Amino acid sequence: MRGDAIVLGIETSCDETAVALVRADRRVLSAPLFSQLAEHAPYGGVVPEIAARAHVEKLDQLVSQAMAEAGIGFRDLAAVAATAGPGLIGGLMVGLLTGKTLALVHQLPLVAVNHLEAHALTARLIAGTNFPYLLLLVSGGHCQLVAVEGVGRYRLLGTTIDDSIGEAFDKVAKMLGLGYPGGPAVERLAREGDPGRFDLPRPLHGADTCDFSFSGLKTAVRHRILDLGPTAAEPAIMADLCASFQAAAGDVLVDRSVRAMRRLRAGGGGYRVLVVAGGVAANLYLRGRLEQVAGTHGFTLEAPPLALCTDNAIMVAWTGIERLRLGLVDDQTVAARARWPLEELAPPV
Ligand code: KG4
Ligand code: ZN
């Protein structure tokens, strides 16, 4: 595949409408993004119907904007890549249908992208990371440890048995009246707080598993807030609650990542890189903890720049490039999927 091949990426799986044009030589030509935050904020979370409508309203103009900013026409494209799942089905259908139409009209190959694979492969766009590597995927919908063996080849080592870590951040933020999305707000407040102030549980800590659990931690925060009564609203106490919660979440990520690193080292196979991806990977405290623990276990941490941790279309276009290179294209019959685990991806033959 030529280095100047350009792929158009479309991302509409949740509350970000995003389009990007990326070249096979890893140059990003344009990446306009519309965040629906203001639309969902009054409801304290993403409302699927509102999200789908906002994607319909914004997507066409974002495609035109991306093409204009890059100064190219559709005949200059090598393929169209659109997120087909997992995520909110209404938004996925909007993005995938737009991608299918563009591919059909302009006679281009179509790549139906798995959103989790897009997060998983971002490190290769940023740093050219070679396979295999250990992936810690931490987002609003997922919390997983995955052995990434190649494009389409993922081995799940552990996943959450209840809430995702992003959900836990968002729920703690909601309890404290910090608004949505809560992750960045909790991180900001935690910087001023004392992580040792409140003794919170570390679910599954030390257990012989790479699985995660966050609901007990979230509930413990709720109980602390109830016990504190009105004092829970004092800025210094809120900061201590956020710092204590974030430290507990960090301990859980570190404990499970260490287990996964040990398992992979014991199994051979040359795993030396820990990649962290997904929205929660934008958290600098958690990145610092993971960097430190990766170092002590002979791994290097690779974390994408913050804008590429949260949802974006650059990672979707890049996944299109990775798949196109291997001839892994889809036809017009491909359907959007609300649920689509990484392990169900078709590996290259
Ligand atoms: O990957 P993402 O943009 O969307 C999904 O695919 O889920 O992740 C969104 C999640 C939200 O739960 C948000 O609160 C969390 O990522 N998040 C953070 C931070 N920035 C975003 N969590 C903790 N600290 C942050 N700085
Ligand atoms: Zn995501």
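Indexing begins at 1, ligand by ligand and atom by atom, following the structure's order. As the structure is a prediction and not an experimental result, all values here were calculated from the model.
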Sub-3.5 Å N/O-N/O distance, F169 and ligand 1: no
Minimum-distance protein heavy atom relative to atom 24 (N) of ligand 1: N283 ND2, 3.1 Å
Residues, nucleotides or ligands: over 12 heavy atoms within 6.0 Å of D227 CG: yes
N or O contact, P181 vs ligand 1, cut-off under 3.5 Å: no
Ligand 1 to E167 polar contact by distance, N or O atoms, under 3.5 Å: no
Close side-chain approach of P203 and V252, heavy atoms under 4.5 Å: yes
E39 with R53: basic N within carboxylate O range, under 4.0 Å: no
Test item, Q246 contacting ligand 1 (heavy atom, 4.0 angstrom): no
Taking atom 7 (O) of ligand 1 as the reference point, the nearest protein heavy atom with its distance: G140 N, 2.8 Å
Side chains of W318 and E322, donor plus acceptor under 3.5 Å: yes
No-hydrogen, no-angle side-chain donor-acceptor test under 3.5 Å, E69 and Q65: yes
Greater than 12 external heavy atoms within 6.0 Å of M93's CE: no
Protein residue, atom and distance nearest to atom 17 (N) of ligand 1, heavy-atom basis: G279 O, 3.6 Å
Contact list for residues 143-184, test ring-ring contact (aromatic ring centres under 6.0 Å, His included), sequence neighbours left out: F169-F245
Ligand 1 atoms in contact with G141 (distance to a heavy atom under 4.0 Å): 7 (O)
From the candidates A249, A281, G183, A190, the one that places a heavy atom nearest atom 22 (N) of ligand 1: G183
Under 3.5 Å: N/O of E187 near N/O of ligand 1: yes
L286, L137, D311: member with heavy atom nearest to atom 5 (C) of ligand 1: D311
Side chain, backbone, both or neither: D170 near ligand 1, heavy atoms under 4.0 Å: side chain
Sidechain N-carboxylate O distance under 4.0 Å for D4, R27: no
Numbered atoms of ligand 1 (with element) below 4.0 Å of T310, judged on heavy atoms: 3 (O)
NZ/NE/NH1/NH2 to OD/OE distance under 4.0 Å, R287 and E291: no
Geometric cation-pi criterion, R124 with F131: 6.0 Å, 45°: yes
Proximity to ligand 1 by part of E16, non-hydrogen separation under 4.0 Å: neither
Option of least heavy-atom distance to atom 15 (C) of ligand 1 (set: V186, V280, D15): V280
D25/R23 salt bridge by N-O under 4.0 Å criterion: yes
H142 touching ligand 1 at heavy-atom level, < 4.0 angstrom: no
H119 and H115 aromatic ring geometry - parallel, tilted or perpendicular at 30°/60° bounds: perpendicular
Polar contact flag for G278 and ligand 1 (N/O pairs, less than 3.5 Å): no
Near the Zn ion (ligand 2) (cut-off under 2.8 Å), count of protein N, O or S atoms: 3
Residue R325 excluded, over 12 heavy atoms near CZ under 6.0 Å: yes
Between Q246 and S244, a side-chain donor and acceptor under 3.5 Å: no
Element-labelled atoms of ligand 1 that are located less than 4.0 Å from some non-hydrogen atom of G166: 12 (O)
Other residues, nucleotides, ligands: >12 heavy atoms within 6.0 Å of Q107 CD: no
Test item, C14 contacting ligand 1 (heavy atom, 4.0 angstrom): no
